[in-house]
Undergrad: 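What follows is a single structure, and I will ask about it in a moment.
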Amino acid sequence: MLQTLINAFKVKEIRRKVYMMLLLLLIFRIGCFIPVPGLDRGNFSELFDKDNPNSNDFLTLMSSLTGGALAQGTIFALGIGPYINASIIMQLLSVGIPALERLSKQGEEGRKKISQYTRYVTILLAIVQSIGIILSFGNDSDAIRYELFFDQKWLAYVFMTTLYTSGAVIVMWIGERITDYGVGNGQSMIIFVGILSTAGAQIVAKCKQIPSDPGSAAWDLIAFVLVCALIFFAIVYVDLSERSVKVQYAKQIRGRKMYGGQSSSIPIKISGGGVMPLIFSFSILSFPQMLSSMLWPNSGFDRWWSNWMSASATGSGAVVYSIVLCLLIFAFSFFYAQMQFNPEDIARNIQQNGGFILHVSPGKPTALYLKKISNRITLFGAIYLALVALIPSVAFAWASFDLVNVFSTTGILIVVSCAMEFEKQLQAQMMMKNYKGFLK
């Protein structure tokens with residue numbers, strides 16, 4: 001990847017795009033340090049402390065994805081989360097609603113309309129999440145300074161909801177500009193930078209402990225780096241794995257020309273759904289806790305969910321949480337695999353283009369064959385995601401209990417996936433540049 005970066009910076013156009021991306025990411029990070037008026041940042045940050053019994057796992061995960069902007073009470077507290085959730089919702093609706101499905105197949109104009117709908121859904125989700133965050137911690141009189149709003153709670157809530165929603169819209173705009181004028185997907189790069197910022201802050205804090213406790217702190221850092229390198233290697237190795245299905249095309253004579261007679265392959269990745277099954281699973285398990293802490297704090301349901309269905313559960317609750325999490329990962333892996341890979345459509349396209357899979361009849365037998373392969377690969381992919389969700393936390397806890405939250409189970413996969421996708425985009429940009437030079 002380092003060599004790819006060096007080669008990319010030798011091309012003026014690509015270098016300009018990288019600089020534009022870095023400038024937009026810098027603007028995002030600056031916004032992550034601008035505080036929201038009316039919030040006591042010190043008291044507000046304590047509500048996200050993992051040792052605080054009133055902390056919320058869902059909001060803590062959101063804070064880690066924004067580089068700690070939510071815990072610090074800044075205007076970019078929501079980060080790119082509302083836009084990502086809106087995109088997922090629109091993907092699901094495009095499968096279930098025929099009108100949206102037809103719109104998604106209408107080319108560039110259809111994609112523009114769906115993008116506009118996604119922006120509207122983003123604003124709606126940002127308002128809902130802003131209200132949820134404020135109501136979750138609004139009862140803490142030390143976190144919000146109501147005297148600045150004439151002791152009117154409703155005025156403080158309206159002001160902060162408006163500010164949080166505006167910040168989410170600005171982050172959405174930054175992500176779209178990175179996609180248009182930078183390199184790679186802007187939303188992924190914003191999440192990537194947010195996770196690395198959270199990790200960097202905690203690693204720097206651990207480095208500051210070395211002078212006072214050189215033996216223990218140094219060992220924690222060394223063990224953490226070793227475990228991190230092993231897990232990164234395993235994720236990259238599996239993420240690049242794929243099953244190739246060979247397709248042979250028959251020779252066809254049209255007029256005086258002959259077409260076909262070549263072979264190609266259909267790549268089926270073992271982790272075709274990427275990080276989406278993990279995000280869905282964690283969101284489903286964390287969302288009820290956010291609602292219960294917002295609407296029924298300290299109720300029986302709130303305590304039961306915290307003890308049995310949250311990431312902070314201990315003992316038997318941790319075992320139950322892990323089992324439910326794995327079951328959800330398996331369910332969403334198969335669901336998302338069906339969305340990304342449709343055997344019937346692929347079999348129909350192969351048959352229409354005069355292709356066939358060796359030893360498999362065209363049509364329905366080809367679809368059944370592809371479906372069987374997809375289900376087997378998805379099974380191994382689900383097992384892989386379940387291990388990614390459970391092993392890193394245990395390994396990092398062994399390396400250092402202070403650094404266990406540096407790379408969350410979702411964050412570690414996002415970091416690796418974004419880094420690999422960024423490298424692919426750079427290679428594609430350089431290849432395109434070479435083709436243009438050849439044509440000229």
Side-chain angles (χ1 to χ4, degrees), residues 1-34 64-69 74-76 79-81 83-84 87 108 111-112 115 118-119 122 167-201 203-204 225 228-229 232-233 235-237 239-240 242 267 269 274-275 406-407 411-440:
M1 184 174 182
L2 181 60
Q3 187 62 42
T4 302
L5 285 173
I6 294 174
N7 295 333
F9 268 85
K10 294 179 181 179
V11 182
K12 183 178 179 180
E13 294 181 6
I14 300 178
R15 185 168 64 246
R16 186 185 298 116
K17 290 184 177 181
V18 173
Y19 287 151
M20 177 61 69
M21 180 191 69
L22 293 176
L23 176 61
L24 291 170
L25 290 175
L26 177 61
I27 295 174
F28 165 71
R29 288 305 301 163
I30 292 175
C32 291
F33 290 94
I34 300 176
S64 65
L65 296 179
T66 59
T74 62
I75 61 172
F76 286 172
I80 200 66
Y83 185 81
I84 295 295
S87 300
E108 186 65 25
R111 285 192 292 270
K112 286 182 179 179
S115 298
T118 304
R119 296 187 186 100
T122 299
V169 172
I170 294 174
V171 175
M172 177 183 66
W173 179 85
I174 292 175
E176 291 181 345
R177 298 292 75 75
I178 292 175
T179 303
D180 294 338
Y181 303 110
V183 179
N185 184 276
Q187 290 75 34
S188 299
M189 294 307 300
I190 288 177
I191 296 178
F192 177 77
V193 171
I195 295 174
L196 289 185
S197 300
T198 304
I203 292 175
V204 169
V225 171
C228 191
F232 276 18
F233 173 80
I235 291 177
V236 172
Y237 182 81
D239 193 76
L240 294 176
E242 62 182 23
K269 295 182 68 65
V275 74
V406 168
F407 285 112
I412 189 173
L413 192 59
I414 292 176
V415 167
V416 176
S417 300
C418 290
M420 294 176 63
E421 183 63 26
F422 178 69
E423 182 183 11
K424 292 177 183 178
Q425 291 290 337
L426 286 178
Q427 292 177 352
Q429 294 280 348
M430 288 188 292
M431 187 177 299
M432 187 181 302
K433 178 66 176 176
N434 291 333
Y435 283 153
K436 288 182 179 179
F438 175 76
L439 292 175
K440 290 179 180 179

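What you see is a predicted model; the values in this text were computed from it and never measured.
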Undergrad: Applying side chain to side chain contact (heavy atoms under 4.5 Å, CB included), run through S115 and K112 and close with a yes or a no.
TA: CA-CA 5 Å; S115 298; K112 286 182 179 179; 5.6 Å; no

Undergrad: Where do F192 and L196 land on the side chain to side chain contact (heavy atoms under 4.5 Å, CB included) test, with the steps shown first?
TA: CA-CA 6 Å; F192 177 77; L196 289 185; 3.4 Å; yes

Undergrad: Quick check: closest heavy atoms across F28 and I190, and the distance to 0.1 Å?
TA: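 Distance-wise, the nearest heavy atoms are CZ-CG2, 3.6 Å.
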
Undergrad: Nearest 0.5 Å, please: how far is OG1 in T74 from CZ in R29?
TA: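 Output value for this atom pair is 8.5 Å.
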
Undergrad: Mind listing the closest non-hydrogen atom pair of M21 and G182 along with its distance?
TA: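 Between these two residues, the closest heavy atoms are CB-CA, 4.3 Å.
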
Undergrad: Given T179 and M189, is the side chain to side chain contact (heavy atoms under 4.5 Å, CB included) satisfied, shown in steps?
TA: CA-CA 9 Å; T179 303; M189 294 307 300; over 6 Å; no

Undergrad: Evaluate the side-chain proximity of K17 to E13: yes if any heavy-atom separation is below 4.5 Å, no if none is.
TA: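 Of all side-chain heavy-atom pairs linking K17 with E13, none is under 4.5 Å.
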
Undergrad: Mind jotting down which residue pairs meet the salt bridge (Lys or Arg N to Asp or Glu O under 4.0 Å) criterion with at least one end in residues 182-194? Sequence neighbours excluded, please.
TA: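 Applying salt bridge (Lys or Arg N to Asp or Glu O under 4.0 Å) to every pair that reaches into residues 182-194, excluding sequence neighbours, yields nothing.
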
Undergrad: State, yes or no, whether a side-chain contact exists between L26 and L22 at a heavy-atom distance under 4.5 Å.
TA: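 No. Closest side-chain heavy atoms not under 4.5 Å.
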
Undergrad: Please find the pair of heavy atoms, one from M172 and one from I80, that lie closest to each other, and give the distance.
TA: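 That would be CA-CD1, 4.0 Å.
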
Undergrad: Give the C-alpha distance, both sets of side-chain angles, the deciding distance and a yes or no for side chain to side chain contact (heavy atoms under 4.5 Å, CB included) between F76 and I170.
TA: CA-CA 8 Å; F76 286 172; I170 294 174; 3.6 Å; yes

Undergrad: Hey, could you give me each pair passing salt bridge (Lys or Arg N to Asp or Glu O under 4.0 Å) that has a residue in residues 177-192? Not counting sequence neighbours.
TA: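 Residue pairs with at least one partner in residues 177-192: R177-D180.
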
Undergrad: Taking atom CD1 of I178 and atom CG of L25, what is their separation to the nearest 0.5 Å?
TA: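 That separation rounds to 4.0 Å.
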
Undergrad: Where is the tightest heavy-atom contact between R15 and K10, given as atom of each residue plus distance?
TA: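 Between these two residues, the closest heavy atoms are NH1-C, 3.9 Å.
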
